[in-house]
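The block underneath contains the structure these notes are about, expressed in structure tokens.
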Amino acid sequence: MLCHAPPRPATLEPRVTKRALLSTGFMMPLMVEQLEANFEVHWLHKIPDREKFFREVGPRVEAGCTGSHTGVRMDAAMLARLPRLKAIG
């Protein structure tokens, strides 16, 4: 007796999950377009409940975008709330 796996759909595409990125402020439209095309972007200035964000989403954030123009520092206290952070730009 031969066992066969069920046929796979020909159009099966791999699932791609965007990595979470935290931006601390406003960006030029071109930057926004590129970031949102490649990341699950969280705009700090648009987050109404930051405590909830850092508790629920913070552990998934892998990248951060910041700049002196934002007025927000990615200081040690913020970095401690982003345990999977790998890059800051």
Side-chain angles (χ1 to χ4, degrees):
M1 177 199 272
L2 295 174
C3 295
H4 297 282
R8 294 178 55 157
T11 59
L12 186 63
E13 295 180 20
R15 286 188 176 190
V16 177
T17 303
K18 290 182 179 180
R19 293 185 168 155
L21 177 143
L22 176 62
S23 177
T24 62
F26 299 95
M27 300 279 171
M28 295 182 301
L30 178 62
M31 296 280 295
V32 170
E33 182 181 311
Q34 291 298 312
L35 289 173
E36 290 181 341
N38 294 288
F39 294 92
E40 172 191 324
V41 182
H42 300 274
W43 302 98
L44 190 63
H45 64 280
K46 294 182 181 179
I47 297 171
D49 186 343
R50 291 183 182 182
E51 287 302 316
K52 182 178 178 181
F53 168 80
F54 282 110
R55 186 174 56 253
E56 295 179 4
V57 181
R60 294 190 298 107
V61 172
E62 294 186 41
C65 256
T66 190
S68 60
H69 68 281
T70 68
V72 178
R73 294 177 48 145
M74 289 192 104
D75 58 12
M78 185 182 291
L79 296 179
R81 302 183 83 178
L82 306 171
R84 291 189 67 203
L85 189 70
K86 296 177 183 172
I88 300 173

- prompt: Between Trp43 and Val32, does a side-chain contact (heavy atoms from CB on, under 4.5 Å) hold up when you go through it step by step?
  reply: CA-CA 10 Å; Trp43 302 98; Val32 170; 3.8 Å; yes
Hey, could you give me the [atom1]/[atom2] distance between [X] and [Y], rounded to the nearest 0.5 Å?
{"X": "Met78", "Y": "Phe54", "atom1": "CE", "atom2": "CZ", "value": "4.5 Å"}
{"X": "Leu85", "Y": "Met74", "atom1": "CG", "atom2": "CE", "value": "5.5 Å"}
{"X": "Ser23", "Y": "His45", "atom1": "OG", "atom2": "NE2", "value": "7.5 Å"}
{"X": "Glu40", "Y": "Leu21", "atom1": "CD", "atom2": "CG", "value": "9.5 Å"}
{"X": "Ile88", "Y": "Thr24", "atom1": "CD1", "atom2": "OG1", "value": "9.5 Å"}
{"X": "Met28", "Y": "Leu35", "atom1": "CE", "atom2": "CG", "value": "10.5 Å"}

In terms of heavy-atom contacts, Arg50 and Leu44 come closest through NH2-O, 3.3 Å
Closest approach of Arg84 and Pro59, non-hydrogen atoms and distance?
->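 It is CD-O, 3.0 Å.
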Checklist entry - Does CZ belonging to Arg19 count more than 12 external heavy atoms closer than 6.0 Å? => result no
Donor-acceptor pair, distance only, cut-off 3.5 Å: does the side chain of Lys52 make one with the backbone of Val57?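 Not at all, since once roles are kept as given, no pair shorter than 3.5 Å links the two residues.
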Criterion side-chain contact (heavy atoms from CB on, under 4.5 Å) on Glu51 and Arg81, from CA distance to verdict:
CA-CA 10 Å; Glu51 287 302 316; Arg81 302 183 83 178; 2.9 Å; yes
